[in-house]
Amino acid sequence: MAVLEVETLGAKVLREKASPVDTVSDEIRALIRDMFETMYDAEGIGLAAPQVGISQRILVVDVADESEERHVHALVNPVIVESSRETGTETEGCLSIPGLEETVTRPLQVAVEALSPDGEPVRIEADGLLARALQHEVDHLDGVLFIDRLSSLKRGILLRKWRKSTGRS
Ligand code: NI
């Protein structure tokens with residue numbers, strides 16, 4: 001197991017559409033273990049493979065809901081197959097844009113179909129923070145970051161501040 005380096009805003013891999021996984025191999029399972037370790041090390045609640053430089057459709061989440069029940073999932077080739085019409089607005093952050101947080105509006109409930117680390121089909125009906133985390137991570141697999149879901153005005157202001165505070169140009 002290893003803590004992997006987390007790619008940050010500006011890395012090309014974060015903007016690529018990730019490829020589907022052909023076979024859920026031992027190599028993929030090892031990557032999933034490393035992704036969990038990396039996520040926990042960074043104190044995140046979700047991580048997508050492109051964030052560790054691997055352009056494949058894999059995500060991990062570990063989210064506690066309001067009743068403190070933990071939802072731990074590793075999903076291969078996840079697809080959002082249903083989204084509720086009702087939306088909610090909550091604060092999000094991203095390990096790839098450390099220190100930047102902003103409220104994002106997303107559907108409150110989603111259903112996701114994917115393969116488990118054993119290569120078995122799974123379906124997850126999610127609401128609350130889990131639904132939000134899954135949408136955020138699936139976005140990463142399409143090269144989309146949460147800041148893309150803000151107005152361009154808001155995004156511009158936030159990014160200017162972020163670049164200043166992190167000393168990036
Ligand atoms: Ni993220």
Side-chain angles (χ1 to χ4, degrees), residues 2-21 28 31-65 70-80 83 87-115 117 124 126-152 154-166 168:
V3 173
L4 306 172
E5 193 178 328
V6 177
E7 302 282 350
T8 54
L9 189 64
K12 198 165 152 264
V13 67
L14 292 176
R15 291 315 201 165
E16 291 168 352
K17 193 171 167 71
S19 306
V21 172
I28 295 292
L31 170 62
I32 287 170
R33 286 194 293 275
D34 286 347
M35 285 173 63
F36 272 117
E37 197 175 346
T38 303
M39 178 180 77
Y40 291 133
D41 180 69
E43 297 179 6
I45 61 168
L47 189 72
Q51 292 184 276
V52 293
I54 299 187
S55 195
Q56 298 217 67
R57 305 188 77 81
I58 306 166
L59 67 82
V60 297
V61 290
D62 184 342
V63 171
D65 63 22
R70 261 175 82 191
H71 302 276
V72 183
H73 297 287
L75 301 179
V76 175
N77 298 343
V79 177
I80 295 173
S83 302
T87 59
T89 304
E90 299 287 345
T91 302
E92 289 187 28
C94 180
L95 295 178
S96 293
I97 321 175
L100 194 154
E101 289 189 344
E102 190 47 73
T103 55
V104 183
T105 301
R106 296 186 188 268
L108 280 174
Q109 287 122 18
V110 292
V112 177
E113 292 181 354
L115 295 176
I124 298 167
D127 60 15
L129 186 56
L130 178 62
R132 179 167 291 276
L134 288 170
Q135 292 173 81
H136 177 118
E137 302 311 330
V138 169
D139 268 354
H140 273 300
L141 305 181
D142 293 322
V144 174
L145 302 174
F146 80 99
I147 52 173
D148 302 336
R149 303 238 173 242
L150 309 174
S151 71
S152 59
K154 200 175 225 182
R155 181 169 58 246
I157 292 167
L158 281 170
L159 285 179
R160 265 197 302 281
K161 263 197 218 160
W162 184 75
R163 291 197 172 105
K164 215 171 189 178
S165 71
T166 57
R168 294 169 197 241

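Ligands are counted one by one from 1 in listed order, and the atoms in each one are counted from 1 as well. All values below were derived from every heavy atom in this structure, side-chain atoms included, with hydrogens, water molecules and symmetry-related copies excluded. On a predicted model such as this, the values are computed, not experimentally measured, just so you know.
Protein atoms that are N, O or S and lie under 2.8 Å from the Ni ion (ligand 1) are these: Cys94 SG, His136 NE2, His140 NE2.
Residue Ser96 is tested with His140, Glu7, Gln51 for a side-chain hydrogen bond (donor to acceptor under 3.5 Å, both in side chains); the sole match is Gln51.
Listed by chain and residue number, Arg106, Arg132 satisfy the salt bridge (charged side-chain N to carboxylate O under 4.0 Å, His left out) test with Glu92 (two or more places apart in sequence, or in another chain). For the salt bridge (charged side-chain N to carboxylate O under 4.0 Å, His left out) test, no residue two or more places apart in sequence or in another chain qualifies with Glu37. Residues satisfying the salt bridge (charged side-chain N to carboxylate O under 4.0 Å, His left out) criterion with Arg155, sequence neighbours excluded, are absent altogether.
Within the 3.5 Å criterion, the main-chain N or O of Thr103 finds no donor-acceptor partner in the side chain of Thr89.
Side-chain contact check for Leu9 versus Leu159: some heavy-atom pair is nearer than 4.5 Å.
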